[in-house]
Amino acid sequence: MLNPIDTEAVIRDGGAVGRFPGEIHEGVAWWLGACFVALTSAARLAVSSDGQPVTAEFFRRLCNGAVNARHHACKVTAISGITEEAFLAFARLQQPLAGAYLTTAPGTDGGDIVRIRLYGADGRLIQEDTGLALIRRMIAEDRVPIPVSDSARGTIEHFSPTALETAQ
């Protein structure tokens with residue numbers, strides 16, 4: 001692993017959470033996207049974020065990890081700049097649709113707290129027994145799925161927050 005993390009401390013609470021910079025880095029988002037798609041064999045994934053500047057690179061990396069997960073050719077619907085509630089409402093209308101929501105909040109020590117939540121196709125936050133423990137293990141053991149060939153790579157379709165309103 002090129003830039004290791006404390007997987008027990010970071011991969012928790014339905015995804016990943018940590019102080020940035022320090023406990024978590026942007027590569028974690030790529031790892032989560034790739035591992036989540038490989039674990040669930042998701043053909044589709046909705047990825048959304050709060051649109052904050054710090055969140056932007058995490059968002060981009062998660063999307064790229066998801067489309068590069070082995071041979072799954074996952075189609076990612078990417079929407080930045082919406083609330084988690086709006087994201088969940090969209091995902092419920094599209095079920096079954098797995099998803100990820102990313103947010104950043106100010107930390108107490110001058111850094112930021114980045115949180116990535118992973119939702120199963122049933123709309124529920126993943127738990128230890130529904131995939132989180134396996135994702136943590138894949139990352140800890142450096143078994144993150146490697147990028148695929150161009151022919152098996154998925155796609156990312158970006159939508160604006162206003163386009164989301166018309167999709168509902």
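All values below come from the heavy atoms of this structure, side chains included, with hydrogens, waters and symmetry mates left out.
- Side-chain N/O atoms of Ser49 and Thr55 include no donor and acceptor closer than 3.5 Å.
- The pair Arg19-Asp109 meets the salt-bridge criterion, with a side-chain N (NZ, NE, NH1 or NH2) lying under 4.0 Å from an Asp/Glu carboxylate O.
- Side chains of Val114 and Val54 form a contact here, defined as non-hydrogen atoms less than 4.5 Å apart.
- A donor-acceptor pair is defined here as one N or O able to donate and one able to accept, closer than 3.5 Å; such a pair exists between the side chain of Ser48 and the backbone of Ile79.
- At most 12 non-hydrogen atoms from other residues, nucleotides or ligands lie less than 6.0 angstrom from CZ of Arg137.
- Atoms SG and CG, on Cys63 and Asn68 in that order, are 11.5 Å from each other to the nearest 0.5 Å.
- Counting heavy atoms from C-beta outward, Ser41 and His72 have side chains that approach closer than 4.5 Å.
- Distance check: Thr130 OG1 to Leu118 CG gives 9.5 Å after rounding to the nearest 0.5 Å.
- Here the straight-line distance linking atom CD1 of Ile139 with atom CG of Leu134 works out to 11.5 Å at 0.5 Å rounding.
- Annotation for Val17: hydrophobic cluster partners, listed by chain and number, are Ile113 (ILVMFWY side-chain heavy atoms under 4.5 Å, direct or chained).
- Trp30 and His25 have their aromatic ring centers separated by at least 6.0 angstrom.
- A donor atom on one side chain and an acceptor atom on the other are found under 3.5 Å apart for Glu84 and Tyr119.
- In this structure, the side chain of Arg136 engages the main chain of Ile11 through a donor-acceptor pair within 3.5 Å.
- Although no hydrogens or angles enter the test, the distance criterion places no donor-acceptor pair under 3.5 Å between the side chain of Gln127 and the main chain of Gly14.
- The line from CE of Met138 to OG1 of Thr7 is 13.0 Å long, rounded to the nearest 0.5 Å.
- Between Glu26 and Arg60 no salt bridge is recorded (no basic side-chain N to carboxylate O distance below 4.0 Å).
- Here the straight-line distance linking atom CZ of Phe36 with atom CG of Leu132 works out to 10.0 Å at 0.5 Å rounding.
- Counting heavy atoms from C-beta on, the side chains of Ile135 and Leu32 come closer than 4.5 Å.
- The line from OG1 of Thr104 to CZ of Phe20 is 8.5 Å long, rounded to the nearest 0.5 Å.
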